[in-house]
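Just so you know, residue 1 is the first one in the sequence shown, and it goes up from there.
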Amino acid sequence: MSSLNIACHCGHVKIRLTGEPVVDLYCHCQDCQRITGAGCVPYAIYPQAAVEVTEGNTMRWALKSNQRTRCTKCGTYLFGMPEGMGIHGISAYLLPPGTFNPQMHIMCKDALVPVKDDLPHFAGFPANFGGSDERVAW
């Protein structure tokens, strides 16, 4: 099984990712917009057991119910833990170039602006993540 070692921007926090991501995606939900200040956030989704903080101190917090983790030294956003899903959304900004391969956009009903590309744009979550597969037409 493959593993990938990543770190926050200052190098204080180190994380080991084991295996391959379940999916790479862009999230447009209001929660992600508010905690990052971005219109959408790129995530590599891993099972919770595949993510291990191996070094450094982190802090957890939640804007609403989803726990978020940051480096205590530089404040880099590391990952989110959507409640009840058993996954970690790793900030794709931490991944080596060329390893983030997005397959979809989710929560597009909350998008600030349309993003026009060849990926599917789900209004909420796709069916395999408990949603309806409803899409937005941009």
Side-chain angles (χ1 to χ4, degrees):
M1 185 175 289
S2 66
S3 67
L4 178 64
N5 294 305
I6 60 174
C8 66
H9 297 304
C10 77
H12 174 72
V13 174
K14 296 188 177 27
I15 300 169
R16 178 180 302 116
L17 305 173
T18 304
E20 298 299 319
V22 175
V23 66
D24 290 343
L25 55 79
Y26 295 101
C27 183
H28 295 261
C29 80
Q30 290 179 351
D31 203 43
C32 285
Q33 291 172 19
R34 289 175 179 148
I35 62 105
T36 64
C40 66
V41 181
Y43 285 115
I45 307 300
Y46 280 83
Q48 186 173 344
V51 178
E52 178 187 6
V53 174
T54 59
E55 191 175 314
N57 298 314
T58 63
M59 64 177 198
R60 283 190 178 173
W61 59 281
L63 177 63
K64 294 179 185 173
S65 59
N66 290 336
Q67 291 289 311
R68 310 289 180 157
T69 301
R70 291 187 181 269
C71 170
T72 57
K73 283 188 113 175
C74 68
T76 297
Y77 176 52
L78 304 168
F79 54 84
M81 297 161 285
E83 191 172 45
M85 296 184 80
I87 60 173
H88 282 10
I90 303 297
S91 170
Y93 294 116
L94 304 177
L95 301 175
T99 58
F100 179 67
N101 298 302
Q103 289 117 12
M104 68 183 77
H105 293 259
I106 64 169
M107 300 303 293
C108 294
K109 64 181 172 51
D110 294 335
L112 294 174
V113 296
V115 176
K116 296 181 181 183
D117 58 24
D118 293 331
L119 300 174
H121 295 80
F122 294 97
F125 290 105
N128 58 342
F129 287 103
S132 68
D133 276 346
E134 178 187 353
R135 296 188 187 197
V136 296
W138 285 335

K.L.:
When rounded to the nearest 0.5 angstrom, what distance separates CG in Asn5 from CD1 in Ile15?
P.N.:
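Those atoms lie 10.0 Å apart.
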
K.L.:
About how many Å separate SG of Cys27 and CZ of Phe122, when rounded to the nearest 0.5 Å?
P.N.:
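That separation rounds to 13.0 Å.
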
K.L.:
Minimum heavy-atom separation for Thr76 to Cys74, with atom names?
P.N.:
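Closest approach of Thr76 to Cys74, heavy atoms only: OG1-SG, 2.9 Å.
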
K.L.:
Quick check: closest heavy atoms across Gly75 and Arg70, and the distance to 0.1 Å?
P.N.:
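Closest approach of Gly75 to Arg70, heavy atoms only: O-NH1, 2.8 Å.
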
K.L.:
Name each donor-acceptor pair under 3.5 Å that joins a side chain in residues 109-118 to protein atoms two or more places apart or in another chain, with its distance.
P.N.:
residue : atom : partner : partner atom : Å
Asp117  : OD1  : His105  : NE2          : 3.4
Asp117  : OD1  : Leu119  : N            : 3.1
Asp117  : OD1  : His121  : NE2          : 3.2
Asp117  : OD2  : His105  : NE2          : 2.7

K.L.:
Side chains of residues 40-50: which donor-acceptor pairs under 3.5 Å do they make with residues two or more places apart or in other chains?
P.N.:
residue : atom : partner : partner atom : Å
Tyr43   : OH   : Arg68   : NH1          : 3.1
Tyr43   : OH   : Tyr77   : OH           : 2.9

K.L.:
Just jot down the side chain to side chain contact (heavy atoms under 4.5 Å, CB included) partners of Glu55, sequence neighbours excluded, or say none.
P.N.:
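Side chain to side chain contact (heavy atoms under 4.5 Å, CB included) list for Glu55, sorted by chain: Lys14.
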
K.L.:
Quick one: list whatever passes side chain to side chain donor-acceptor pair (under 3.5 Å) with Ser2, sequence neighbours left out.
P.N.:
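Checked Ser2 against side chain to side chain donor-acceptor pair (under 3.5 Å); matches are Glu20.
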
K.L.:
Which atom names give the shortest non-hydrogen contact between Thr69 and Thr58, and what distance separates them?
P.N.:
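Residues Thr69 and Thr58, closest heavy atoms: CG2-CB, 3.5 Å.
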
K.L.:
Looking at Lys73 and Cys10, what are the two nearest heavy atoms and their distance?
P.N.:
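Heavy atoms only, the tightest pair is CB-SG, 4.0 Å.
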
K.L.:
Shortest non-hydrogen contact from Gln67 to Ala62?
P.N.:
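In this case the closest contact between Gln67 and Ala62 is NE2-CB, 3.8 Å.
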
K.L.:
State, with a plain yes or no, whether a side-chain heavy atom of Asn57 is found less than 4.5 Å away from one of Val13.
P.N.:
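Result no, sub-4.5 Å side-chain heavy-atom pair not found.
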
K.L.:
Can I get a per-line list of side-chain donor-acceptor pairs under 3.5 Å for residues 80-96, giving both atom names and the distance, sequence neighbours left out?
P.N.:
residue : atom : partner : partner atom : Å
Glu83   : OE1  : Ser65   : OG           : 3.3
Ser91   : OG   : Tyr93   : N            : 3.4

K.L.:
Which pairs count as ring pair (Phe, Tyr, Trp, His ring centres under 6.0 Å) when at least one residue sits in residues 54-76, sequence neighbours excluded?
P.N.:
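Those involving residues 54-76 do not exist here.
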
K.L.:
Please name all residues satisfying ring-ring contact (aromatic ring centres under 6.0 Å, His included) with Phe100, sequence neighbours left out, ordered by chain then number.
P.N.:
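Tyr26.
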
K.L.:
For Glu52, give me all partners under salt bridge (Lys or Arg N to Asp or Glu O under 4.0 Å), at least two apart in sequence or on another chain.
P.N.:
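Glu52 satisfies salt bridge (Lys or Arg N to Asp or Glu O under 4.0 Å) with Arg16 once adjacent residues are dropped.
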
K.L.:
Answer with yes or no whether the hydrophobic clustering places Leu63 together with Met107; edges join I, L, V, M, F, W, Y residues whose side-chain heavy atoms lie under 4.5 Å apart.
P.N.:
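As far as the 4.5 Å side-chain criterion goes, Met107 and Leu63 are connected within one cluster.
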
K.L.:
As an exercise, state the distance from CG of Leu78 to CE of Met59, rounded to the nearest 0.5 Å.
P.N.:
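Between atom CG of Leu78 and atom CE of Met59 there are 9.5 Å.
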
K.L.:
Which atom pairs, donor and acceptor, lie under 3.5 Å between side-chain atoms of residues 126-138 and protein residues at least two apart or in another chain?
P.N.:
residue : atom : partner : partner atom : Å
Ser132  : OG   : Glu134  : N            : 3.2
Asp133  : OD1  : Ala127  : N            : 2.7

K.L.:
Shared ILVMFWY cluster between Leu25 and Ile35, side chains joined below 4.5 angstrom?
P.N.:
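The answer is yes; both residues are in one hydrophobic cluster.
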
